[in-house]
2 protein chains.
Amino acid sequence: MTTAHAPATGSRVPLNRSRVLAAAVALADRDGIEALTMRSLARELGVEAMSLYHHVANKDDLLDGIVHVVAGEIQAAASALEPPPDGSGWKAAMRRRILTARSVLLRHPWAPGVLETRTTMSPHVVRHYDALLGLMRLGGFSYDLAHHAMHALGSRALGFTQELFEPADDDGDDDTAIAMLEQMADQAPHLVEMMTEITHDGPESTLGWCDDQTEFEFGLDLILDGLENRLRQG
Amino acid sequence: MTTAHAPATGSRVPLNRSRVLAAAVALADRDGIEALTMRSLARELGVEAMSLYHHVANKDDLLDGIVHVVAGEIQAAASALEPPPDGSGWKAAMRRRILTARSVLLRHPWAPGVLETRTTMSPHVVRHYDALLGLMRLGGFSYDLAHHAMHALGSRALGFTQELFEPADDDGDDDTAIAMLEQMADQAPHLVEMMTEITHDGPESTLGWCDDQTEFEFGLDLILDGLENRLRQG
DNA sequence: ACCTGAACACCGTTCAAGT
DNA sequence: ACCTGAACACCGTTCAAGT
C-alpha cells in the first residue's frame with residue numbers, strides 16, 4: 001500500500017524473506033559462510049537478530065533458503081540454453097548444462113559445502129536433475145542406466161567435485177611447499193615426482209599447477225564417454 | 001616408569017594423545033560427529049574439558065587427529081593386500097585398494113565430512129595417493145594422465161562419493177514419500193517415473209532403492225574403464 | 001504484524017591457580 | 001608435568017514485552 005513513498009531515510013522498507021535471503025547470500029559471497037551468523041546477518045540488515053525469526057524459521061531454514069536461491073540461479077541459467085537438436089545430442093547437452101551449473105557455483109564458492117548438509121532438495125535442484133534425466137531418456141537411456149548415471153555423476157551433476165587436496169592457499173610461500181615435498185620424498189616418491197614433473201611445464205606458481213576447470217571437464221568427459229559405451233552395449 | 005602397577009581404581013592411567021584420539025573416534029562412531037565436543041569428550045574420559053588441551057592443541061587439531069586415525073586404518077587395510085602381479089593389473093589393483101578404503105570409511109560414516117574440512121593431508125592419505133599413483137605408473141600411465149586420473153577420482157580415491165540426494169531416513173514413512181512424488185510429478189516427470197519404475201523391481205522399501213555399494217562400483221568402473229581408453233589412445 | 005531486549009543453554013578457549 | 005575451576009567471547013534460540 002504505502003510502497004509509493006518510501007522515506008528518504010535509509011532502510012525503512014520492511015523486511016521479508018527474499019530480502020533476508022539475498023542479504024545472506026551476499027554476506028556469504030563476501031565474507032565466507034562461517035561469517036554468516038544470525039547476528040551478523042541482522043547487523044547487515046540494520047535490525048536485531050531476533051527479527052530474522054519472523055522471516056526464517058531458524059538457521060537451518062536460512063541455509064535451505066540460500067541454497068534455494070543459488071539453485072534458482074542455476075535453473076535460470078540452464079533454461080536459457082537452447083534445447084538439443086535431437087536425441088543424439090544428449091552428451092553435448094548434458095555437458096553444457098552441467099558446465100553451466102558449475103559457472104554459477106563458481107560465483108558462490110560456499111554453496112557446495114552447504115548443499116551437502118541439506119537433507120531436502122530444493123525444487124530447483126529437483127528440476128535440474130529431471131532435465132538431465134530427460135536428456136538421457138531422449139538419447140535412448142533406460143531408466144536403470146540413467147539412474148546409475150546420476151549416481152556416477154554425483155555432485156558433478158551440479159557442477160562441483162569433491163577435491164580431497166584443497167591446499168590452503170599459503171600465499172606464495174612456495175619454498176616451504178618445496179621443502180615439504182622433499183621431506184616426504186621417501187614416503188611418497190611418485191607423488192613428489194609427479195608434482196615436480198608437472199610443475200616444470202606448468203605456470204610459475206608451484207601450487208597453482210591444477211587447472212580446476214580443465215580437471216573438471218576431464219572427469220566429466222570421462223564419465224560421459226563411459227556412459228556412451230554402456231549405452232551402446234545395451 | 002610406574003606403568004607396571006596401575007591401581008585397581010578405574011582411570012588412573014594418565015591421558016595421552018592417542019587415548020584422546022581413540023576416545024574421540026569411538027564417540028563420533030557412536031553418537032555422530034556433532035556430538036563430539038571438547039566437553040563431551042572430556043566427560044567420556046572422566047576428565048575436565050581443559051585437560052584435553054594438554055594433548056591436542058585445539059579442536060581443529062583434534063579433528064586432524066581423528067582423520068589421521070581413520071587414514072591409518074585405511075593404510076593398514078590396504079597394505080595387507082597382496083601386490084599386483086605385474087603392471088597389467090593396475091586396474092584391478094586400484095579397484096581393490098579403493099574398495100578397501102571404502103570398507104574402512106563405512107565403519108566411520110562421519111569421516112568423509114570431516115576429511116573435507118581439513119586443509120592439510122594426513123601422511124597416511126598421502127601414502128594412499130602415492131600407492132595409487134604407483135599402480136598407474138606400473139601400468140604405463142604418464143604422470144600427466146595419472147594426475148588427471150587423481151582429479152577425476154576425487155574423493156572416490158578414498159572410497160566415498162559426494163551424493164547430493166542423501167534422503168534423511170524418515171523411518172519407513174513411505175506413504176508421505178509417495179505423496180511427495182505424486183505432488184512433483186508435473187515438475188519432475190522423469191524423476192518420478194524413474195523412481196516408480198525402479199522401485200517396482202527393487203526391494204520393498206520405497207526409499208531404499210539405491211544400493212550404495214553397487215552405485216559406487218558402477219561409477220568407479222566407469223572411471224577406470226575411461227582411463228584405460230585414454231591410456232590406449234596415448 | 002513486526003520488531004526488540006534480556007536471558008538461557010550451549011560452544012571453544014584463556015588464564016591463573018592448584019598438585 | 002599434568003590437571004582444574006572460573007571466566008570470556010561467541011553461538012542459536014526462547015520468551016515476554018513493546019509498537
Side-chain angles (χ1 to χ4, degrees), chain A residues 1-7 9-25 27-28 31-67 110 113-114 117-120, chain B residues 1-7 9-25 27-28 31-67 110 113-114 117-120:
Chain A
M1 297 303 181
T2 65
T3 63
H5 33 48
T9 102
S11 56
R12 207 51 263 136
V13 245
L15 233 43
N16 58 46
R17 186 171 229 263
S18 44
R19 267 191 66 218
V20 168
L21 295 182
V25 168
L27 201 160
D31 297 342
I33 191 68
E34 73 284 347
L36 176 63
T37 69
M38 299 301 275
R39 284 168 166 89
S40 70
L41 177 57
R43 199 180 316 120
E44 202 76 12
L45 287 161
V47 95
E48 289 302 310
M50 301 315 115
S51 307
L52 300 176
Y53 285 85
H54 288 272
H55 307 101
V56 293
N58 48 39
K59 176 125 191 210
D60 233 56
D61 186 36
L62 175 68
L63 294 179
D64 281 339
I66 61 177
V67 160
W110 47 268
V114 179
T117 67
R118 302 300 85 200
T119 59
T120 64
Chain B
M1 296 305 182
T2 65
T3 64
H5 34 47
T9 104
S11 57
R12 206 53 264 136
V13 243
L15 232 45
N16 58 44
R17 185 171 230 261
S18 45
R19 268 190 63 217
V20 168
L21 295 183
V25 168
L27 202 161
D31 297 342
I33 191 67
E34 73 285 349
L36 175 64
T37 69
M38 299 302 276
R39 285 169 166 88
S40 70
L41 178 57
R43 198 180 316 121
E44 202 75 13
L45 287 161
V47 94
E48 289 302 310
M50 301 314 116
S51 306
L52 300 175
Y53 285 84
H54 289 271
H55 306 102
V56 293
N58 48 40
K59 176 127 190 207
D60 233 56
D61 186 35
L62 175 68
L63 294 178
D64 280 338
I66 61 177
V67 159
W110 48 268
V114 179
T117 67
R118 301 300 86 199
T119 57
T120 64

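These numbers come from the heavy atoms of this one structure, side chains and all, not from hydrogens, waters or symmetry mates. Note on naming: letters A, B, ... go to the chains in the order of the sequence lines (proteins, then strands), and numbering restarts at 1 for each one. Computed from a prediction, not measured in an experiment: that's the story for all the values here.
- With hydrogens and angles disregarded, a donor-acceptor distance shorter than 3.5 Å links the side chain of B:His55 to the backbone of B:Leu15.
- Look at A:Ser51 and you'll find a side-chain N or O under 4.0 angstrom from OP1 or OP2 of C:dT4.
- B:Thr37 comes within 4.0 angstrom of sugar-phosphate atoms only, judged by non-hydrogen atoms across all strands, and of no base.
- Residues B:Leu45 and B:Ala23 come closest through the heavy atom pair CD2-CB, 3.7 Å.
- Distance B:Leu52 CG to D:dC3 P: 9 Å, rounded to the nearest Å.
- Between A:Arg17 atom CZ and C:dC2 atom C1' there is a gap of 17 Å when expressed in whole angstrom units.
- Rounded to whole Å, the distance from CG on A:Leu36 to P on D:dC10 is 17 Å.
- Closest non-hydrogen pair, B:Leu62 versus B:Val20, comes out as CD1-CG1, 4.1 Å.
- When rounded to the nearest whole Å, the span between CG of B:Leu62 and P of C:dG12 equals 9 Å.
- Taken from CD in B:Glu48 to CZ in B:Arg43, the straight-line distance is 10.0 Å, to the nearest 0.5 Å.
- Each of B:Val25, B:Leu36, B:Asp31 was compared with B:Trp110 under the side-chain contact (heavy atoms from CB on, under 4.5 Å) criterion, and only B:Val25 meets it.
- Residue B:Arg39 places its side chain closer to C:dT13 than to any other of C:dT13, C:dA6, C:dC3.
- Note on A:Met38: only backbone sugar-phosphate atoms sit closer than 4.0 angstrom, heavy atoms only; bases stay farther off.
- Relative to the side chain of B:Glu48, the nucleotides C:dG12, C:dC3, D:dT4 differ in distance, and D:dT4 lies closest.
- Phosphate contact (OP1/OP2 of C:dT14, side-chain N/O of B:Tyr53, threshold under 4.0 Å): absent.
- The base of D:dC3 lies close enough to the side chain of B:His54 for a donor and an acceptor atom to sit less than 3.5 Å apart.
- Across the protein-nucleic acid pair, B:Met50 atom CE and C:dC15 atom P stand 13 Å apart, rounded to whole Å.
- Under 4.0 angstrom from either OP1 or OP2 of D:dC3 there lies at least one side-chain N or O belonging to B:His55.
- What separates CG of B:Leu45 from C1' of D:dT4 is a distance of 15 Å, to the nearest Å.
- Checking D:dT14 for Watson-Crick or G-U wobble geometry (two distances, each under 3.5 Å) identifies C:dA6 as its partner.
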